[in-house]
Engineer: 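Please see the structure below; I have some questions.
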Amino acid sequence: MAILLAAPDRNISKLSRRVQVLAPELDVRTYPDSGDLSEIVFAVLWKHPPGLLASLSGLKAVTSLGAGVEHLLADPDLPAGLPVGRLVGPRLAADMAAYLIAQVLWHWKGLNRFSELQRQRQWEPYSPHSLPTIGLLGTGQLGRAAARAFQALDLPVAGWSRSGTGPDSVAMHSGPDGLVELAEQSDYLICLLPLTERTRGILNADLFRTMKPEAVLINVGRGEHLIESDLIPALNAGRPALAILDVFQTEPLPADHPFWKHPKIRITPHCSAITRTDEAAELIIKSYRRVLAGGDPPGKVTRKLGY
Ligand code: GLV
(Lines give C-alpha, C1' and ligand atoms only; values in the text may rest on other atoms or scores of the structure.)
Protein backbone atom coordinates (compact mmCIF):
# COMPACT_ATOMS: atom_id res chain seq x y z
CA MET A 1 0.00 0.00 0.00
CA ALA A 2 1.46 3.32 -1.05
CA ILE A 3 0.71 7.02 -1.49
CA LEU A 4 1.54 8.73 -4.75
CA LEU A 5 2.26 12.44 -4.93
CA ALA A 6 2.06 13.75 -8.48
CA ALA A 7 2.39 17.44 -9.33
CA PRO A 8 4.59 17.66 -12.42
CA ASP A 9 4.60 21.48 -12.51
CA ARG A 10 5.75 21.82 -8.90
CA ASN A 11 8.81 20.78 -6.97
CA ILE A 12 7.33 18.52 -4.32
CA SER A 13 10.48 16.76 -3.12
CA LYS A 14 10.39 18.75 0.15
CA LEU A 15 6.75 17.79 0.65
CA SER A 16 7.46 14.14 0.06
CA ARG A 17 10.39 14.23 2.52
CA ARG A 18 8.22 15.96 5.11
CA VAL A 19 5.49 13.31 4.83
CA GLN A 20 8.15 10.66 5.21
CA VAL A 21 9.66 12.35 8.28
CA LEU A 22 6.28 12.72 9.96
CA ALA A 23 5.16 9.20 9.08
CA PRO A 24 8.21 7.03 8.37
CA GLU A 25 6.08 3.89 8.21
CA LEU A 26 4.30 5.08 5.05
CA ASP A 27 5.37 4.14 1.54
CA VAL A 28 5.41 7.55 -0.18
CA ARG A 29 6.22 7.82 -3.86
CA THR A 30 6.71 10.87 -6.00
CA TYR A 31 5.72 10.83 -9.66
CA PRO A 32 7.38 9.86 -12.00
CA ASP A 33 9.17 7.45 -9.59
CA SER A 34 5.86 5.76 -8.93
CA GLY A 35 7.00 2.12 -8.60
CA ASP A 36 4.38 -0.61 -8.95
CA LEU A 37 1.24 1.40 -9.74
CA SER A 38 -1.11 -1.30 -8.50
CA GLU A 39 0.17 -0.66 -4.95
CA ILE A 40 -1.02 2.97 -4.91
CA VAL A 41 -4.16 3.32 -2.78
CA PHE A 42 -4.17 7.09 -2.30
CA ALA A 43 -3.00 9.76 -4.71
CA VAL A 44 -2.41 13.45 -4.09
CA LEU A 45 -2.55 15.18 -7.44
CA TRP A 46 -2.03 18.60 -8.93
CA LYS A 47 -2.38 18.99 -12.70
CA HIS A 48 -1.39 15.35 -13.08
CA PRO A 49 -0.51 13.92 -16.48
CA PRO A 50 -3.35 12.55 -18.64
CA GLY A 51 -3.67 8.79 -18.34
CA LEU A 52 -2.17 8.59 -14.85
CA LEU A 53 -5.49 7.98 -13.10
CA ALA A 54 -6.39 5.19 -15.52
CA SER A 55 -3.22 3.37 -14.51
CA LEU A 56 -3.97 3.42 -10.77
CA SER A 57 -6.18 0.37 -10.37
CA GLY A 58 -6.02 0.10 -6.56
CA LEU A 59 -7.06 3.67 -5.67
CA LYS A 60 -9.39 4.15 -2.71
CA ALA A 61 -9.42 7.95 -2.85
CA VAL A 62 -7.72 10.90 -4.46
CA THR A 63 -7.04 14.40 -3.14
CA SER A 64 -6.12 17.68 -4.77
CA LEU A 65 -2.85 19.19 -3.62
CA GLY A 66 -4.64 22.51 -3.06
CA ALA A 67 -8.04 24.12 -2.79
CA GLY A 68 -9.25 23.72 -6.37
CA VAL A 69 -10.42 20.35 -7.67
CA GLU A 70 -11.47 21.25 -11.21
CA HIS A 71 -8.29 19.67 -12.63
CA LEU A 72 -9.31 16.37 -11.02
CA LEU A 73 -13.00 16.46 -11.87
CA ALA A 74 -12.20 17.24 -15.51
CA ASP A 75 -10.21 14.00 -15.89
CA PRO A 76 -12.33 11.51 -17.86
CA ASP A 77 -10.39 8.69 -16.17
CA LEU A 78 -11.57 9.65 -12.68
CA PRO A 79 -13.54 6.58 -11.60
CA ALA A 80 -17.20 7.26 -10.81
CA GLY A 81 -17.74 7.09 -7.08
CA LEU A 82 -14.07 7.47 -6.13
CA PRO A 83 -13.96 9.89 -3.16
CA VAL A 84 -12.23 13.15 -4.03
CA GLY A 85 -10.82 15.42 -1.34
CA ARG A 86 -8.88 18.64 -1.23
CA LEU A 87 -6.19 20.01 1.03
CA VAL A 88 -7.43 23.19 2.66
CA GLY A 89 -6.16 23.86 6.13
CA PRO A 90 -6.29 26.88 8.43
CA ARG A 91 -2.86 28.10 7.29
CA LEU A 92 -3.92 28.23 3.64
CA ALA A 93 -7.10 30.06 4.60
CA ALA A 94 -5.15 32.52 6.76
CA ASP A 95 -2.68 33.14 3.93
CA MET A 96 -5.57 33.95 1.59
CA ALA A 97 -7.12 36.27 4.16
CA ALA A 98 -3.76 38.03 4.61
CA TYR A 99 -3.44 38.59 0.86
CA LEU A 100 -6.95 40.02 0.61
CA ILE A 101 -6.51 42.26 3.65
CA ALA A 102 -3.21 43.54 2.23
CA GLN A 103 -4.73 44.34 -1.17
CA VAL A 104 -7.85 45.97 0.24
CA LEU A 105 -6.03 48.04 2.87
CA TRP A 106 -3.35 49.19 0.45
CA HIS A 107 -6.04 50.54 -1.82
CA TRP A 108 -8.59 51.75 0.73
CA LYS A 109 -6.07 53.54 2.93
CA GLY A 110 -4.50 55.10 -0.19
CA LEU A 111 -1.04 53.85 0.74
CA ASN A 112 0.23 53.89 -2.84
CA ARG A 113 0.11 57.70 -2.92
CA PHE A 114 2.67 58.11 -0.12
CA SER A 115 5.70 56.72 -2.00
CA GLU A 116 5.40 59.48 -4.58
CA LEU A 117 4.63 62.10 -1.93
CA GLN A 118 7.72 61.04 0.03
CA ARG A 119 9.88 61.42 -3.07
CA GLN A 120 8.49 64.94 -3.45
CA ARG A 121 8.88 65.65 0.32
CA GLN A 122 5.19 66.50 0.41
CA TRP A 123 3.17 66.33 3.63
CA GLU A 124 -0.37 65.48 2.56
CA PRO A 125 -2.33 63.48 5.14
CA TYR A 126 -5.01 61.19 3.74
CA SER A 127 -7.45 58.95 5.51
CA PRO A 128 -10.63 57.58 3.94
CA HIS A 129 -13.88 58.71 5.56
CA SER A 130 -16.27 55.89 4.82
CA LEU A 131 -15.96 52.20 5.54
CA PRO A 132 -15.92 49.96 2.47
CA THR A 133 -18.32 47.05 2.14
CA ILE A 134 -16.53 43.82 1.35
CA GLY A 135 -18.48 41.51 -0.98
CA LEU A 136 -17.35 37.90 -0.93
CA LEU A 137 -18.30 35.63 -3.81
CA GLY A 138 -17.87 32.26 -2.14
CA THR A 139 -18.17 31.61 1.58
CA GLY A 140 -16.47 28.24 1.93
CA GLN A 141 -13.40 27.71 4.08
CA LEU A 142 -11.40 30.46 2.38
CA GLY A 143 -14.32 32.89 2.23
CA ARG A 144 -15.10 32.39 5.91
CA ALA A 145 -11.50 33.06 6.93
CA ALA A 146 -11.54 36.22 4.81
CA ALA A 147 -14.85 37.31 6.36
CA ARG A 148 -13.41 36.89 9.87
CA ALA A 149 -10.33 38.90 8.96
CA PHE A 150 -12.31 41.81 7.52
CA GLN A 151 -14.77 41.74 10.39
CA ALA A 152 -11.86 41.91 12.84
CA LEU A 153 -11.24 45.35 11.31
CA ASP A 154 -14.92 46.21 11.79
CA LEU A 155 -15.58 46.32 8.07
CA PRO A 156 -19.04 45.32 6.83
CA VAL A 157 -18.99 42.01 4.96
CA ALA A 158 -21.66 40.59 2.66
CA GLY A 159 -21.52 37.29 0.81
CA TRP A 160 -22.95 35.27 -2.05
CA SER A 161 -22.98 31.52 -2.43
CA ARG A 162 -24.92 28.91 -4.40
CA SER A 163 -26.95 27.87 -1.39
CA GLY A 164 -27.03 31.25 0.34
CA THR A 165 -25.52 29.72 3.46
CA GLY A 166 -22.61 31.44 5.15
CA PRO A 167 -21.48 32.65 8.55
CA ASP A 168 -24.26 34.18 10.66
CA SER A 169 -22.38 37.46 10.85
CA VAL A 170 -22.33 37.84 7.05
CA ALA A 171 -25.35 39.19 5.13
CA MET A 172 -25.79 36.39 2.60
CA HIS A 173 -27.21 36.44 -0.92
CA SER A 174 -27.82 33.74 -3.50
CA GLY A 175 -29.16 33.32 -7.01
CA PRO A 176 -28.85 35.74 -9.94
CA ASP A 177 -30.71 38.57 -8.17
CA GLY A 178 -28.61 38.09 -5.06
CA LEU A 179 -25.49 38.36 -7.18
CA VAL A 180 -26.60 41.74 -8.49
CA GLU A 181 -27.52 42.88 -4.95
CA LEU A 182 -24.07 41.95 -3.74
CA ALA A 183 -22.28 43.62 -6.65
CA GLU A 184 -24.33 46.82 -6.23
CA GLN A 185 -23.30 47.26 -2.60
CA SER A 186 -19.68 46.07 -2.68
CA ASP A 187 -16.74 48.43 -2.64
CA TYR A 188 -14.44 45.42 -2.98
CA LEU A 189 -15.97 42.49 -4.84
CA ILE A 190 -13.82 39.43 -4.19
CA CYS A 191 -14.15 36.16 -6.10
CA LEU A 192 -13.23 33.12 -4.02
CA LEU A 193 -15.57 30.72 -5.78
CA PRO A 194 -14.74 27.22 -6.89
CA LEU A 195 -14.68 26.84 -10.66
CA THR A 196 -17.78 24.95 -11.79
CA GLU A 197 -20.01 25.07 -14.84
CA ARG A 198 -22.22 27.55 -12.94
CA THR A 199 -19.44 29.89 -11.89
CA ARG A 200 -17.40 29.90 -15.11
CA GLY A 201 -17.59 33.41 -16.59
CA ILE A 202 -19.48 34.83 -13.59
CA LEU A 203 -17.27 37.94 -13.66
CA ASN A 204 -18.59 39.44 -16.87
CA ALA A 205 -19.81 42.66 -18.51
CA ASP A 206 -23.34 42.29 -17.07
CA LEU A 207 -21.99 42.04 -13.54
CA PHE A 208 -19.51 44.88 -14.02
CA ARG A 209 -22.36 47.19 -15.09
CA THR A 210 -24.03 46.65 -11.72
CA MET A 211 -20.90 47.59 -9.71
CA LYS A 212 -20.31 50.98 -8.12
CA PRO A 213 -18.02 53.17 -10.24
CA GLU A 214 -15.39 53.32 -7.48
CA ALA A 215 -15.52 49.59 -6.73
CA VAL A 216 -12.56 47.24 -7.03
CA LEU A 217 -12.76 43.72 -8.40
CA ILE A 218 -10.42 41.11 -6.91
CA ASN A 219 -10.16 37.67 -8.47
CA VAL A 220 -8.35 34.99 -6.48
CA GLY A 221 -10.59 32.15 -7.72
CA ARG A 222 -9.70 30.94 -11.16
CA GLY A 223 -8.91 32.73 -14.41
CA GLU A 224 -11.98 31.12 -15.99
CA HIS A 225 -14.31 32.96 -13.60
CA LEU A 226 -13.52 36.11 -15.56
CA ILE A 227 -14.54 36.78 -19.14
CA GLU A 228 -11.18 38.35 -19.89
CA SER A 229 -12.37 40.19 -23.02
CA ASP A 230 -15.08 41.95 -20.94
CA LEU A 231 -12.68 43.42 -18.39
CA ILE A 232 -10.72 46.07 -20.27
CA PRO A 233 -13.82 47.67 -21.87
CA ALA A 234 -15.46 47.70 -18.42
CA LEU A 235 -12.42 49.32 -16.78
CA ASN A 236 -12.21 51.85 -19.60
CA ALA A 237 -15.91 52.62 -19.08
CA GLY A 238 -15.21 53.13 -15.34
CA ARG A 239 -16.81 50.09 -13.66
CA PRO A 240 -14.98 48.58 -11.88
CA ALA A 241 -12.42 51.27 -11.08
CA LEU A 242 -9.61 48.74 -10.63
CA ALA A 243 -9.09 45.02 -11.02
CA ILE A 244 -6.66 43.07 -8.87
CA LEU A 245 -6.03 39.71 -10.47
CA ASP A 246 -4.10 36.75 -9.10
CA VAL A 247 -5.40 34.10 -11.53
CA PHE A 248 -5.61 33.97 -15.30
CA GLN A 249 -6.92 31.75 -18.05
CA THR A 250 -3.37 31.15 -19.24
CA GLU A 251 -0.68 30.96 -16.56
CA PRO A 252 1.97 32.26 -16.59
CA LEU A 253 0.20 35.25 -18.12
CA PRO A 254 1.66 35.58 -21.65
CA ALA A 255 4.09 38.49 -22.04
CA ASP A 256 1.95 40.09 -24.76
CA HIS A 257 -1.28 39.92 -22.75
CA PRO A 258 -2.96 43.37 -22.57
CA PHE A 259 -3.58 42.98 -18.80
CA TRP A 260 0.13 43.53 -18.06
CA LYS A 261 0.18 47.16 -19.01
CA HIS A 262 -3.36 48.31 -18.30
CA PRO A 263 -3.19 51.12 -15.72
CA LYS A 264 -6.29 49.85 -13.90
CA ILE A 265 -5.13 46.27 -13.51
CA ARG A 266 -2.85 45.02 -10.77
CA ILE A 267 -1.37 41.59 -11.26
CA THR A 268 0.05 39.04 -8.86
CA PRO A 269 1.28 35.69 -10.24
CA HIS A 270 -1.15 33.18 -8.67
CA CYS A 271 0.39 33.42 -5.22
CA SER A 272 -2.45 34.73 -3.06
CA ALA A 273 -2.33 31.49 -1.05
CA ILE A 274 0.00 28.63 -1.77
CA THR A 275 -0.27 25.30 0.02
CA ARG A 276 2.59 25.15 2.52
CA THR A 277 4.71 22.06 2.90
CA ASP A 278 4.12 21.52 6.62
CA GLU A 279 0.37 21.91 6.48
CA ALA A 280 0.08 19.84 3.29
CA ALA A 281 2.17 17.01 4.77
CA GLU A 282 0.00 16.85 7.88
CA LEU A 283 -3.20 16.91 5.84
CA ILE A 284 -1.92 14.22 3.48
CA ILE A 285 -1.12 11.88 6.37
CA LYS A 286 -4.46 12.58 8.04
CA SER A 287 -6.29 12.00 4.75
CA TYR A 288 -4.45 8.77 4.05
CA ARG A 289 -5.12 7.37 7.50
CA ARG A 290 -8.76 8.26 7.25
CA VAL A 291 -9.08 6.63 3.84
CA LEU A 292 -7.33 3.47 5.06
CA ALA A 293 -9.77 3.34 7.98
CA GLY A 294 -12.63 3.32 5.45
CA GLY A 295 -13.58 7.01 5.78
CA ASP A 296 -13.69 9.88 3.32
CA PRO A 297 -10.71 12.14 2.73
CA PRO A 298 -10.99 15.51 4.55
CA GLY A 299 -12.46 18.26 2.38
CA LYS A 300 -14.51 15.69 0.46
CA VAL A 301 -15.98 17.15 -2.68
CA THR A 302 -19.60 16.72 -3.73
CA ARG A 303 -18.86 15.70 -7.28
CA LYS A 304 -22.15 16.76 -8.80
CA LEU A 305 -21.73 20.28 -7.40
CA GLY A 306 -18.11 20.42 -8.53
CA TYR A 307 -16.60 21.49 -5.19
C1 GLV B 1 -4.61 27.16 -5.74
O2 GLV B 1 -4.99 27.80 -6.66
C3 GLV B 1 -5.34 26.07 -5.13
O4 GLV B 1 -6.34 25.64 -5.68
O5 GLV B 1 -4.90 25.64 -4.04
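Counting starts at 1 for both ligands and their atoms, in listed order.
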Engineer: Do any side-chain atoms of residues 201-211 form donor-acceptor pairs under 3.5 angstrom with protein atoms, and if so which ones, sequence neighbours left out?
Structural biologist:
residue	atom	partner	partner atom	Å
Asn204	OD1	Asp206	N	3.1
Asn204	OD1	Leu207	N	3.0
Asn204	ND2	Gly201	O	2.9
Asp206	OD1	Arg209	NH2	2.5
Thr210	OG1	Leu207	O	2.7

Engineer: With heavy atoms of Gly66 as the reference, note each atom of ligand 1 found under 4.0 Å away.
Structural biologist: 5 (O)
Engineer: Is the shortest distance from a heavy atom of His270 to ligand 1 less than 4.0 Å?
Structural biologist: yes
Engineer: Purely on distance, is any nitrogen or oxygen of Ala273 under 3.5 Å from one on ligand 1?
Structural biologist: no
Engineer: So, regarding Thr275 and ligand 1 (criterion: nitrogen or oxygen to nitrogen or oxygen, under 3.5 Å), is there a contact or not?
Structural biologist: no
Engineer: Of the protein's non-hydrogen atoms, which lies at the shortest distance from atom 3 (C) of ligand 1, and what is that distance?
Structural biologist: Ala67 N, 3.3 Å
Engineer: When you compare ligand 1 with Leu65, is there at least one nitrogen or oxygen pair between them that comes in under 3.5 angstrom?
Structural biologist: no
Engineer: Which atoms of ligand 1 have any heavy atom of Trp46 under 4.0 Å away?
Structural biologist: 1 (C), 3 (C), 4 (O)
Engineer: Would you please test Glu279 and Arg276 for salt bridge (Lys or Arg N to Asp or Glu O under 4.0 Å) and show each step?
Structural biologist: CA-CA 6 Å; Glu279 183 167 72; Arg276 289 176 191 255; over 6 Å; no
Engineer: Which residue pairs satisfy the salt bridge (charged side-chain N to carboxylate O under 4.0 Å, His left out) criterion with at least one member in residues 163-189, sequence neighbours excluded?
Structural biologist: Asp187-Lys212
Engineer: Going by the angle between their ring planes, with limits at 30° and 60°, are Tyr188 and His107 parallel, tilted or perpendicular?
Structural biologist: perpendicular
Engineer: So, does Gln122 use its side chain to make a donor-acceptor pair with the main chain of Phe114 at under 3.5 Å?
Structural biologist: no
